[in-house]
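This report refers to the structure that appears directly beneath it.
All chains are named by letter (A, B, ...) in the order of the sequence lines, taking the proteins before the strands, and each is independently numbered beginning at 1. Quick note: numbers below take in every heavy atom, side chains included, and nothing from hydrogens, waters or symmetry partners.
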Amino acid sequence: MSESQASARRRRILERARAVPVGFVTTYGDLWPQAPRLAGHALSTCEDPEVPWQRIVRADGSLAKGERQRRLLEREGVPFSGARVCMEVARVPAEALDDLTRGD
DNA sequence: CGGATGACGCAGT
DNA sequence: TACTGCGCCATCC
């Protein structure tokens with residue numbers, strides 16, 4: 001590996017994150033199934049404004065960044081069910097992200 | 001180089 | 001539903 005694989009994975013994670021449409025969300029696990037924590041770390045260190053970090057939520061729909069994140073999502077029209085995102089409606093599955101990043 | 005920590009996920013209780 | 005333990009991988013001490 002000429003360049004660290006870590007940054008390669010990181011880039012792919014962020015690329016998938018960018019594929020999530022306005023009004024929808026996806027999960028850390030969908031971004032990178034083998035290491036959800038890696039997805040979280042990638043986002044936490046990412047400063048790229050093109051990456052919609054607020055659209056990445058936990059698998060159960062709870063938010064990592066609390067009220068700040070919630071406000072951004074509601075503003076995009078993401079449906080909530082109590083304190084969590086209504087995943088049944090707003091979730092973009094891993095396969096869909098796969099498709100979006102492929103055709104891109 | 002080993003352990004703790006994190007924007008996690010899941011099974012078990 | 002909430003909490004716990006373990007697996008996962010990169011970073012920081």
- Task: Kindly point out which of dG9(B), dT11(C), dC9(C) is positioned nearest to the side chain of Ala59(A)?
- Result: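 The answer is dG9(B).
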Contact list for DNA chain C against residues 71-89 of chain A - heavy-atom distance below 4.0 Å: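 The stretch gives Arg84(A) as the residues lying under 4.0 Å from the strand, ordered by number.
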| query | Of all of residues 13-36 of chain A, which get a heavy atom below 4.0 angstrom from DNA chain C, listed by number? | reply |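 Only Gln34(A), Ala35(A) qualify.
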Tell me which donor-acceptor pairs under 3.5 Å the side chains of residues 79-97 of chain A have, and how far apart each pair is, sequence neighbours excluded?
residue  : atom : partner  : partner atom : Å
Arg91(A) : NE   : Asp30(A) : OD2          : 3.0
Arg91(A) : NH2  : Asp30(A) : OD1          : 3.0
Arg91(A) : NH2  : Asp30(A) : OD2          : 2.8

Checking Arg71(A) against Glu67(A) for the side chain to side chain contact (heavy atoms under 4.5 Å, CB included) test, could you report, in this order, the C-alpha distance in whole Å, the side-chain angles of both residues, the deciding distance, and whether it holds? CA-CA 6 Å; Arg71(A) 194 185 143 252; Glu67(A) 201 168 322; 5.7 Å; no
Assign each of His41(A) and Arg37(A) to its nearest nucleotide of DNA chain C by heavy atoms, then name whichever residue's nucleotide is nearer the 5' end.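 The 5'-side residue here is Arg37(A).
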Query raised in the report: For the hydrophobic clusters of this structure (ILVMFWY residues joined by side-chain heavy atoms under 4.5 Å, transitively), does one cluster hold both Val57(A) and Trp53(A)?
Result: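 Cluster IDs for Val57(A) and Trp53(A) differ.
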Treating Gln69(A) as the side-chain partner and Gln54(A) as the backbone partner, does any N or O pair qualify as donor plus acceptor under 3.5 Å?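 Yes, Gln69(A) side chain to Gln54(A) backbone: donor-acceptor pair under 3.5 Å.
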Notebook entry, point to check: OP1 or OP2 of dC8(B) sitting under 4.0 Å from any side-chain N/O of Arg58(A)?
Noted result: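 It does, given that an N or O in the side chain of Arg58(A) lies less than 4.0 Å from OP1 or OP2 of dC8(B).
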Does the distance from a Lys or Arg side-chain N to an Asp or Glu carboxylate O, for Glu15(A) and Arg11(A), drop under 4.0 Å?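 A salt bridge is absent here (no side-chain N lies under 4.0 Å from a carboxylate O).
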* To do: Measure the distance from CG on Leu38(A) to C1' on dG6(B) and round it to the nearest whole Å.
  =>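 Rounded to the whole Å, the gap is 11 Å.
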Spacing of Arg55(A) atom CZ and Leu73(A) atom CG [to the nearest 0.5 Å]: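 So the CZ of Arg55(A) and the CG of Leu73(A) are separated by 8.5 Å.
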Distance alone, cut at 3.5 Å: any donor-acceptor contact between the side chains of Thr45(A) and Arg10(A)?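 Note: Thr45(A) and Arg10(A) side chains meet the donor-acceptor criterion.
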